[in-house]
**Q** 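Encoded as structure tokens, here's the structure I'll be asking about.
Every chain is numbered from 1 and lettered A, B, ... according to where its sequence line falls, protein lines coming before strand lines.
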2 protein chains.
Amino acid sequence: MGNQKLYKGSLQTIILKLLSENEKMYGYEITQKVKALTKGELKITEGALYPALHKLEAEGLLDVEVAKVDNRLRKYYKLTESGTKETVHRLAQLDEFIQTMQHLLNPKLA
Amino acid sequence: MGNQKLYKGSLQTIILKLLSENEKMYGYEITQKVKALTKGELKITEGALYPALHKLEAEGLLDVEVAKVDNRLRKYYKLTESGTKETVHRLAQLDEFIQTMQHLLNPKLA
DNA sequence: ATGTATACATAATTTTCTTATGCATAATAT
DNA sequence: ATATTATGCATAAGAAAATTATGTATACAT
């Protein structure tokens with residue numbers, strides 16, 4: 001994506017959204033999924049992702065489960081009950097934000 | 001707007017867009033215009049606005065013209081030639097960002 | 001007098017990212 | 001064989017962009 005700055009603030013919501021669709025995911029998997037879904041437009045860096053996951057966990061929105069696959073560590077994250085509720089809320093806010101921006105960009109429509 | 005965090009990074013683009021439609025505007029006017037256009041959803045704070053205007057000016061995208069109206073100071077900003085070009089670019093990026101986000105939120109469509 | 005609106009500005013702090021590292025295993029290419 | 005790429009986690013230093021809290025000043029209404 002040209003202006004990476006614009007996605008500031010939406011990373012947590014993206015993570016929550018993916019977890020609402022996938023039951024459980026691990027960090028690296030999330031970065032690959034986002035890259036695939038956005039056709040390479042959006043690249044989540046590790047320096048942003050891992051702190052974000054830790055924060056969501058600390059807030060009680062995610063649970064972690066460590067696994068070992070092919071002798072490599074994986075940390076699977078899944079939504080808690082509270083996380084599921086919060087996801088609905090955050091997605092609504094993101095949708096509202098997008099509509100607000102479209103309204104600003106194109107006041108004639110909307 | 002519920003999640004004010006989301007609009008982080010888009011303030012400069014909003015300013016540029018408004019100036020591309022209005023020839024010249026002053027700071028306070030911009031805050032009021034945004035409030036009106038978004039029906040109160042988005043409130044630009046002075047602590048964000050003025051530094052942003054100064055930065056855009058420092059980057060050569062805006063020109064300033066000081067005026068005195070009703071014995072009160074006003075600083076009118078307008079796009080420079082370079083600012084006009086940059087506005088097109090930033091709006092395209094914002095549009096791309098919005099589409100990317102919609103793609104993430106609703107992978108079935110788009 | 002007191003509060004609200006208009007109009008600018010900056011400083012301290014916080015949030016959220018980027019960039020740069022670091023560690024470790026597995027698979028692939030040369 | 002060995003160097004690179006992919007997989008997988010993590011943190012620290014720094015930058016960017018906001019929030020929050022001030023500060024100054026005029027005009028108008030109660």
**Q** In Å, rounded to the nearest 0.5 Å, how long is the span from CG of B/Leu49 to NZ of B/Lys43?
**A**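 Going from CG on B/Leu49 over to NZ on B/Lys43, the span is 15.5 Å.
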**Q** May I ask you to evaluate whether A/Lys5 reaches the phosphate of D/dA17, defined as a side-chain N or O under 4.0 Å from OP1 or OP2?
**A**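 Yes, within the criterion.
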**Q** Take A/Glu29 and A/Lys8, find for each the nucleotide of DNA chain D with the closest heavy atom, and name the residue whose nucleotide sits nearer the 5' end.
**A**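 First, find each residue's nearest nucleotide; the 5'-ward one identifies A/Glu29.
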**Q** Can you tell me which nucleotide in D/dA18, C/dA9, D/dA10 comes closest to the side chain of A/Tyr77?
**A**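 The answer is D/dA10, which lies nearest to the side chain.
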**Q** Select from A/Ala48 and B/Gln32 the residue whose nearest nucleotide in DNA chain C is closer to the 5' end of that strand.
**A**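 Per heavy-atom nearest nucleotide, the more 5' residue is B/Gln32.
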**Q** Return all side-chain donor-acceptor pairs below 3.5 angstrom for residues 56-78 of chain A, not counting sequence neighbours, or 'none' if the list is empty.
**A**
{"unit_1": "A/Arg74", "atom_1": "NH1", "unit_2": "A/Tyr76", "atom_2": "OH", "d": "2.8"}
{"unit_1": "A/Arg74", "atom_1": "NH2", "unit_2": "A/Tyr26", "atom_2": "OH", "d": "3.3"}

**Q** Using the test side-chain hydrogen bond (donor to acceptor under 3.5 Å, both in side chains), find all partners of A/Asn22 that sit at least two apart in sequence or belong to another chain.
**A**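 Partners of A/Asn22 by the side-chain hydrogen bond (donor to acceptor under 3.5 Å, both in side chains) criterion come out as none, since no residue qualifies.
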**Q** Nearest-Å distance, CD1 (B/Ile44) to P (C/dC8)?
**A**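 After rounding, the gap between these two atoms is 13 Å.
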**Q** Any side-chain heavy atom of B/Glu23 sitting closer than 4.5 Å to one from B/Leu79?
**A**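 The answer is no, as the side chains (C-beta and beyond) never meet within the 4.5 Å cut-off.
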**Q** Looking at A/Lys43, I'd like to know whether one of its side-chain N or O atoms comes within less than 4.0 Å of OP1 or OP2 on C/dT18.
**A**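 Negative; the distance criterion is not met.
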**Q** Given atom CD of B/Gln12 and atom C1' of D/dA15, what is their separation to the nearest angstrom?
**A**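 Distance check: B/Gln12 CD to D/dA15 C1' gives 14 Å.
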**Q** For A/Leu11 and D/dA16, what is the distance between atoms CG and P respectively, to the nearest whole Å?
**A**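 The answer, rounded to whole Å, is 20 Å.
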**Q** Output the rounded distance in Å from CZ (A/Arg74) to C1' (C/dA24).
**A**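 In whole Å, C/dA24 C1' lies 15 Å from A/Arg74 CZ.
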**Q** Does a nitrogen or oxygen in the side chain of B/Tyr26 sit under 4.0 Å from OP1 or OP2 of C/dC8?
**A**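 Answer is no, no contact under 4.0 Å.
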**Q** To the nearest angstrom, how far is B/Leu73 atom CG from D/dA27 atom P?
**A**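 These atoms are roughly 13 Å apart.
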**Q** Roughly how many Å is it from CD in A/Gln4 to P in D/dA17, rounded to a whole number?
**A**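 Atom-to-atom, A/Gln4 to D/dA17, this comes out as 13 Å.
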**Q** Please tell me which of B/Gly47 and A/Glu46 maps to the more 5' nucleotide of DNA chain D, matching each residue to the nucleotide holding its nearest heavy atom.
**A**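 It is A/Glu46, whose closest nucleotide lies nearer the 5' terminus.
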**Q** For a quick check under 3.5 Å, do A/Gln99 and A/Asp95 share a side-chain donor-acceptor pair by atom type?
**A**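 Indeed, the side chains of A/Gln99 and A/Asp95 share at least one donor-acceptor pair under 3.5 Å.
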**Q** Atom OH of A/Tyr28 to atom P of C/dA26: distance rounded to whole Å?
**A**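 Whole-Å distance recorded here is 15 Å.
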**Q** Under a 3.5 Å distance rule, please check whether A/Lys17 uses its side chain to pair with a backbone N or O of B/Leu105 as donor and acceptor.
**A**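 Yes; at least one donor-acceptor contact below 3.5 Å.
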**Q** Please list, by residue number, the residues of residues 50-72 of chain A whose heavy atoms come closer than 4.0 Å to an atom of DNA chain D; answer none if no residue qualifies.
**A**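 Those residues are A/Tyr50, A/Pro51, A/His54, A/Arg72.
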**Q** A side-chain contact here means heavy atoms from C-beta on lying under 4.5 Å apart; do B/Leu18 and B/Met25 qualify?
**A**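 Heavy-atom side-chain distance check passes, below 4.5 Å.
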**Q** Could you state the atom-to-atom distance from CE of A/Met25 to C1' of D/dC9 in whole Å?
**A**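 After rounding, the gap between these two atoms is 16 Å.
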**Q** Are A/Ile98 and B/Gln102 packed together at the side-chain level, in the sense that at least one heavy-atom pair is separated by less than 4.5 angstrom?
**A**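 Yes, side chains in contact.
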**Q** Can you name the residues that form a side-chain contact (heavy atoms from CB on, under 4.5 Å) with B/Thr38, not counting sequence neighbours?
**A**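 side-chain contact (heavy atoms from CB on, under 4.5 Å) list for B/Thr38, sorted by chain: A/Thr100, A/Leu104, B/Val34, B/Glu41, B/Leu42.
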**Q** Tell me which donor-acceptor pairs under 3.5 Å the side chains of residues 82-91 of chain B have, and how far apart each pair is, sequence neighbours excluded?
**A**
{"unit_1": "B/Thr84", "atom_1": "OG1", "unit_2": "B/Thr80", "atom_2": "O", "d": "3.0"}
{"unit_1": "B/Glu86", "atom_1": "OE2", "unit_2": "B/Arg90", "atom_2": "NE", "d": "2.7"}
{"unit_1": "B/Thr87", "atom_1": "OG1", "unit_2": "B/Gly83", "atom_2": "O", "d": "2.7"}
{"unit_1": "B/Arg90", "atom_1": "NH1", "unit_2": "B/Gln12", "atom_2": "OE1", "d": "2.7"}

**Q** Pairs counted as Watson-Crick or G-U wobble with both distances under 3.5 Å: what dot-bracket string results for DNA chain C, using | for bases tied to another strand?
**A** ||||||||||||||||||||||||||||||
